[in-house]
Amino acid sequence: DNQVANKDIPGVQVAVRLPSGETWVGTAGQAELNPGRPVRKDTQFAIASVTKTFTAALILALVDEGKIDLDATFGTYFRDAPRKDSVTVRQLLSHTSGIYNYWANPRYGETTRAWWQSPNAGGLKARSHRWTFEEMMGLVKSGEFKPGKDYQYSNTNYLILRKVAEAVEGVPLHKQLRQRFFKPLGLDDTIYQPAQNPRADAAHGHWSWPGGHTDHTKASRYIPFMAAASIADGAGAMASTARDLSVCASALYGGEVLSEESLREMMTFLAPGNYGLGAYPRHYAGNRGIGHRGGIRGYESAMFFFPETDVSVVLVSNQGNWGVDVPMERLVKAVLGQA
């Protein structure tokens with residue numbers, strides 16, 4: 001409530017899940033400002049790069065089944081991408097591949113400005129355009145460094161991982177995620193866009209400016225809208241609720257989803273980058289959490305599990321240009337105290 005009132009945030013949804021499974025969900029503010037529509041406990045939000053944790057967990061589940069070797073080159077499974085014979089699956093997961101981040105291409109910047117400044121633009125700059133793998137890979141430039149020699153966060157890694165999973169199983173990513181995670185864990189409010197539509201009452205994505213807010217979603221049936229959701233792909237296309245994400249965090253990091261070995265691989269954080277395989281550590285109120293944050297046009301999110309207490313804390317919001325670390329700090333302090 002204080003964040004909404006004092007930081008000009010449209011809406012926030014929070015979940016705290018205890019080791020017993022007892023879950024508290026809190027909401028504040030509006031899912032849409034005009035017309036006003038309050039955030040509910042089951043309101044869906046775009047979760048951006050928290051999607052990477054799901055994609056990574058899927059890859060590691062395939063490792064557990066002997067279908068993927070972490071240290072094999074990804075070209076063993078999918079060959080239509082650069083560095084297919086020199087980058088391993090592990091390096092894609094850990095952002096140590098050196099493959100250029102397609103979101104860093106100036107042409108992508110031109111596209112996002114068109115979404116903002118020219119809402120009636122056509123072609124690749126249209127808000128309604130559904131991006132293809134080939135179009136996204138067309139934004140990838142030459143490599144940044146030799147595989148395994150450095151760390152650079154790159155959404156391209158998780159775009160390729162989506163194709164690896166699909167090549168191995170012969171099934172689209174969204175169906176694999178639903179079969180392995182969404183249905184078994186009871187994540188009824190979690191979807192992968194644009195293969196699946198969010199509900200009509202999903203939270204709209206906003207940015208705040210002096211004098212008011214801009215609604216990125218407007219009349220779109222996707223959040224924030226088709227072009228932004230589709231270009232996020234396996235790196236950031238999902239939508240969910242705080243409650244669902246708290247269930248996932250507790251199950252995944254609590255050892256219910258992956259083998260002990262794969263979970264240890266996911267949670268091994270190496271320098272540089274201090275990134276594992278689809279997850280990283282973060283301290284809130286002195287308490288060490290493991291998880292991921294995400295941001296996409298009009299949304300910010302954070303999903304963290306605290307191993308020493310087996311507590312999960314999740315925050316999702318429909319405000320795109322603010323930092324969630326301060327409210328996360330306060331939430332964790334309220335639940336776990338100052339470590």
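- Distance alone, capped at 3.5 Å, places no donor-acceptor pair between the R17 side chain and the L245 backbone.
- By the criterion of side-chain heavy atoms lying less than 4.5 angstrom apart, applied directly or through intervening Ile, Leu, Val, Met, Phe, Trp or Tyr residues, F45 is not grouped with I191; the two fall into different hydrophobic clusters.
- In this model, no donor atom of one side chain and acceptor atom of the other lie less than 3.5 Å apart for T241 and D42.
- Ring planes of F54 and F182: perpendicular class, angle over 60° (limits at 30 and 60°).
- S312 and A249 get closest at one heavy-atom pair: OG-CB, 3.5 Å.
- With rounding to the nearest 0.5 Å, the separation of CD in E300 from CG in N318 is 11.0 Å.
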- Query: For K183 and D188, what are the C-alpha separation, side-chain angles and deciding distance, and is it a salt bridge (charged side-chain N to carboxylate O under 4.0 Å, His left out)?
  - Reply: CA-CA 7 Å; K183 290 183 70 175; D188 297 331; over 6 Å; no
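- Taking the six-membered ring where the residue is Trp, H95 and Y158 present tilted rings, their angle falling between 30° and 60°.
- The one candidate from K163, R180, K175 that meets the salt bridge (charged side-chain N to carboxylate O under 4.0 Å, His left out) condition with E169 is R180.
- By the rule that hydrophobic residues join a cluster once side-chain heavy atoms approach within less than 4.5 Å of another member, M226 and W115 end up as members of separate clusters.
- When all heavy atoms are compared, the tightest approach of W322 to S317 is NE1-OG, 2.9 Å.
- Shown here is N6, whose CG atom has more than 12 heavy atoms of other residues, nucleotides or ligands within 6.0 Å.
- Side-chain heavy atoms closer than 4.5 Å link hydrophobic residues (I, L, V, M, F, W, Y) into clusters, and following such links, possibly through other members, connects I160 to V168.
- A donor-acceptor pair is defined here as one N or O able to donate and one able to accept, closer than 3.5 Å; no such pair exists between the side chain of T96 and the backbone of Y151.
- Here Y280 contributes atom OH and N274 contributes atom CG; the two are 11.0 Å apart, rounded to the nearest 0.5 Å.
- Under a 3.5 Å cut-off, the side chain of Y102 and the backbone N or O of I231 do form a donor-acceptor pair.
- Not a single donor-acceptor pair under 3.5 Å links the side chain of S250 to the backbone N or O of V247.
- Atoms CG and OH, on L124 and Y108 in that order, are 12.5 Å from each other to the nearest 0.5 Å.
- For E166 and R162, the salt-bridge test passes: some basic side-chain N is under 4.0 Å from an acidic carboxylate O.
- With 3.5 Å as the limit, one finds a donor-acceptor pair spanning the side chains of H129 and E135.
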- Message: Between L93 and L70, does the side chain to side chain contact (heavy atoms under 4.5 Å, CB included) criterion hold? Intermediate values first, please.
- Response: CA-CA 9 Å; L93 287 164; L70 275 178; 3.6 Å; yes
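- Although no hydrogens or angles enter the test, the distance criterion places a donor-acceptor pair under 3.5 Å between the side chain of T217 and the main chain of P224.
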- Apply the test side chain to side chain contact (heavy atoms under 4.5 Å, CB included) to residues Y299 and V316: give CA-CA distance (whole Å), side-chain angles for both, the deciding distance (0.1 Å), then the verdict. CA-CA 7 Å; Y299 302 86; V316 292; over 6 Å; no
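- Q179 CD: 12 or fewer foreign heavy atoms inside a 6.0 Å radius.
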- Query: How far apart are the C-alpha atoms of H292 and F304, what are their side-chain angles, what is the distance that settles it, and do they pass the side chain to side chain contact (heavy atoms under 4.5 Å, CB included) test?
  - Reply: CA-CA 7 Å; H292 217 292; F304 283 89; 5.7 Å; no
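- Within the 3.5 Å criterion, the main-chain N or O of A121 finds no donor-acceptor partner in the side chain of S118.
- When atom types are taken as modelled, the side chain of H174 and the backbone of P172 share no donor-acceptor pair closer than 3.5 angstrom.
- Counted within 6.0 Å of CD on E308, heavy atoms from surrounding residues, nucleotides or ligands total 12 or fewer; the atom is thus considered open.
- Tested against D189, the residues K41, Q44, R199 include a single side chain to side chain donor-acceptor pair (under 3.5 Å) partner, R199.
- Put simply, CZ on R243 and OG1 on T190 are 8.5 Å apart, with the number rounded to the nearest 0.5 Å.
- In this structure, a donor-acceptor pair under 3.5 Å is present between the side chains of Q319 and N321.
- Residue V25 is not grouped with residue V4 when hydrophobic side chains (ILVMFWY) are merged at heavy-atom distances under 4.5 angstrom, including chains of intermediate members.
- Aromatic ring centres of F133 and F78 lie closer together than 6.0 Å.
- A side-chain N or O of S49 and one of K52 form a donor-acceptor pair less than 3.5 Å apart.
- Inter-residue side-chain proximity for D69 and Y77 is flagged as met; some heavy-atom pair is nearer than 4.5 Å.
- Judged by distance alone, the side chain of Y100 and the main-chain N or O of N105 form a donor-acceptor pair under 3.5 Å.
- Residue S86 comes nearest to Q91 through the heavy atom pair O-OE1, 3.8 Å, listed as atom of the first residue, atom of the second, then distance.
- In plain terms, the two heavy atoms of P147 and V87 that are nearest each other are CG-CG2, 3.7 Å.
- Between the side chain of T43 and the main chain of R40, a donor-acceptor pair closer than 3.5 Å is present.
- At a cut-off of 3.5 Å, with distance as the only test, no side-chain donor of T88 or D71 sits close to an acceptor on the other residue.
- Heavy atoms of other residues, nucleotides or ligands lying less than 6.0 angstrom from CZ of R330 number 12 at most.
- Residues R90 and E265 are paired through a salt bridge, judged by an N-O separation under 4.0 Å between the basic side chain and the carboxylate.
- Taking CG from L173 and CZ from R178, the interatomic distance works out to 12.0 Å, rounded to the nearest 0.5 Å.
- Formation of a donor-acceptor pair under 3.5 Å by the H213 side chain with backbone atoms of D8 is found in this model.
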- Message: With side chain to side chain contact (heavy atoms under 4.5 Å, CB included) as the criterion, how do I99 and L92 come out once you've worked through the C-alpha distance, each side chain's angles and the decisive distance to 0.1 Å?
- Response: CA-CA 8 Å; I99 297 175; L92 291 176; 4.0 Å; yes
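- Hydrophobic clustering places L187 together with W24 (ILVMFWY residues linked when any side-chain heavy atoms are closer than 4.5 Å, directly or through intermediates).
- Rounding to the nearest 0.5 Å gives a distance of 14.0 Å between CZ of F181 and OH of Y192.
- Taking the centre of each ring, W103 and W131 stay at or above the 6.0 Å mark.
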